[in-house]
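Chain naming here is simple, since letters A, B, ... match the order of the sequence lines and numbering starts at 1 in each.
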Protein chains: 2
Amino acid sequence: MVQGHRRPTLETVAERAGVSRATVSRVVNGQPSTPESRRAVEEAIAELGYVPNLAARTLVTRRTGLIALVLPESSTRVFSEDQFFPQLIQGISQELEEADRQLVLMLAGSAESTQRIERSAQARHVDGVMLASVHGANPLTAALVRSKIPVVSNERALGSVVVPHVDVDNYGGARAAVEHLVAAGRRRIATIAGPSDMVAGIDRLQGYRDAIDDAGLPRVEIAGEFTRTSGAEAMQRLLAEESGADAVFAASDLMADGALRVLRREGVRVPEDVAVIGFDDIALSAHADPPMSTVRQPIAGIGRTMAGQLLRAVDGEQIEPAVTLPTELVLRSSA
Amino acid sequence: MVQGHRRPTLETVAERAGVSRATVSRVVNGQPSTPESRRAVEEAIAELGYVPNLAARTLVTRRTGLIALVLPESSTRVFSEDQFFPQLIQGISQELEEADRQLVLMLAGSAESTQRIERSAQARHVDGVMLASVHGANPLTAALVRSKIPVVSNERALGSVVVPHVDVDNYGGARAAVEHLVAAGRRRIATIAGPSDMVAGIDRLQGYRDAIDDAGLPRVEIAGEFTRTSGAEAMQRLLAEESGADAVFAASDLMADGALRVLRREGVRVPEDVAVIGFDDIALSAHADPPMSTVRQPIAGIGRTMAGQLLRAVDGEQIEPAVTLPTELVLRSSA
DNA sequence: CTGAAAGCGCTTACAG
DNA sequence: CTGAAAGCGCTTACAG
């Protein structure tokens, strides 16, 4: 590979290959050409170490090759121990790499950063955007949808906005957990619920309720915030109120872990006295004391699927308004 | 803001404002202009909702406004519970936002992805790159340095490559932890070390050794991999070998947590029988049983500083070959 | 299948 | 301080 002090352009390659710039462009983009010109061009490219100038290409195609992942920084999940964020990115990254797209990360922390993101999307500095872990009815979702840029979210939007999304079966997973508890003979099954302004919180609570109601058992609900601390506090209240719970379904593993710690400290045996099931199956859960039973959700799979759907939308395809990925009940020692 | 079906360009703005495109460009870029033309242009921009086309600008300025963060996916840290990755990104993101630059995330998982990254850097699809958590003497570092693109790493490179870096005082932090144990009267202080092919592993071990040697105490070293499992295994071996250790300095909180679990299970009292100090101060540490003493490192600060240095390098400034951020010994109950 | 030419939307010497 | 004009490096009808 020859390296001048100036990077080679289509022009340089064309000259070397003895063809026109148009032909080089076509070869580079995989369009039909005679085997001879193709070979000549490919050789020239290799010799010169030619790499296309993306800005020039973008200027005419109006495609940047950039896909944004927008995360409200306020999201508990971004900087939480639940590993949601890294795993999501891992999945997204795989999918984008196969499509030769780059991932641009945008944290929407402040009102200003949210505005920057809106303008960025509106001005098409990226080809599409993935929205993750938005709390409640975030105005950003609506703004992006309005801007007509291809968007995929990791959950359905709350409020009146409709956005294509990819999520896991929160309802079914919660339901399966509770049904397992019921089948095991538990009669007073409490839930430590997630925030009521998050889809995951809402849907998992509904799954709990329906399973409980179907079993003719009493509902025992206490609110948490998906964090370990909130789980510990909720468990403490459950104990203090003498709820008589013989099982707890926590809507996140972190909350379940908090509950487990409180139970251990108070000398309550798990699962003998109280059975515990979490939701997520994060790394920590297998190492919990005792090892935690939980509902596994495929976080990297969400990422891959979101990216895949978005790429299709960017290519002008009609995509499914919603994709729901299955969850799986993982039984260990806590229930 | 008027919105045609076509986005406004400099041309449109110039027409509306009654000036030339050059003048609009200068106003947009904050170059000198008469108050009148400035006002006219700003009004036109507001009315039209003009946002510059970045590709066009990049084509002439050769600046993309994009900064890459490259993470070898094999890195334990990227998908580890230690929150290194999210926190680093948080710091980077803040700094880049202030400078109006976008963050492109590149995971170097396979040989192919590593090649893509090299080409991307070589072709200047980004203005600069930050390299994090590279194991051993990664060839990517050398390749990037060779390509002359501005680079900043989160630790010094192993091997012969020299790369500007920002890191914490691993050596001093480890030393402080061990000195605290010595001062507390511990006489057989073991260390669960990190990988010997990572800077953090190497430097923390050296800090331990020097402090131990200075105190005239015997070295008791056992290798770990920064993970909880490896910490647990190391602790188990320490116990099995009847090392007689009355203190353990683990080179990461995750390893310390693994050790703590083993000690609890074996009925060894912490800190009475064995004192434990970790390194990192991750979220989990305050919730450990007992709450963990540890060496806090400012991960988000590393991110901010890396980004700040890189931005200066991108602007052609000469930057420090190394910046070392301080660590802080945080005492809780385990030591 | 290929080439000549126009054009994508900016910035920046160069003159004035 | 401002404008006319060139040019950044591609892609893509259009003709042939």
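Side chain of S25(A) to main chain of R21(A): no donor-acceptor pair is present (N/O by atom type, distance under 3.5 Å, no hydrogens or angles). Side chain of R124(A) to backbone of A121(A): a donor-acceptor contact under 3.5 angstrom is found. A donor-acceptor pair is defined here as one N or O able to donate and one able to accept, closer than 3.5 Å; no such pair exists between the side chain of R7(B) and the backbone of Y50(B). Here the side chain of D127(B) pairs a donor or acceptor atom with the backbone of G65(B) at under 3.5 angstrom. The backbone N or O of L144(A) lies less than 3.5 Å from a partner atom in the side chain of S147(A), making a donor-acceptor pair. In terms of modelled atom types and a separation under 3.5 Å, the side chain of S113(B) and the main chain of G109(B) share a donor-acceptor contact.
For DNA chain D, if you chain together Watson-Crick or G-U pairs that step i with j, i+1 with j-1 and so on, the runs of at least three with distances under 3.5 Å are C:1-3 with D:14-16, C:5-12 with D:5-12, C:14-16 with D:1-3.
In this structure, of dC1(C), dG3(D), dA4(C), it is dC1(C) that holds the atom nearest to the side chain of P32(A).
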Practice item. Going 5' to 3' through nucleotides 8-16 of chain C, assign each nucleotide B (protein heavy atom under 4.0 Å from a base atom), S (under 4.0 Å only from sugar-phosphate atoms) or - (no protein heavy atom that close). Key: BBBBBB---

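For the salt bridge (charged side-chain N to carboxylate O under 4.0 Å, His left out) with R16(A), the lone residue among E47(A), E43(A), E42(A) that qualifies is E47(A).
The phosphate of dT2(D) has OP1 or OP2 within less than 4.0 Å of a side-chain N or O from T34(B).
For R63(B), the salt bridge (Lys or Arg N to Asp or Glu O under 4.0 Å) partners at least two apart in sequence or on another chain are D315(B).
Using a 4.0 Å heavy-atom cutoff across all strands shown, S37(B) reaches sugar-phosphate atoms only and no base atom.
When the C1' atom is used for both dT12(D) and dG16(D), the distance is 16 Å, rounded to whole Å.
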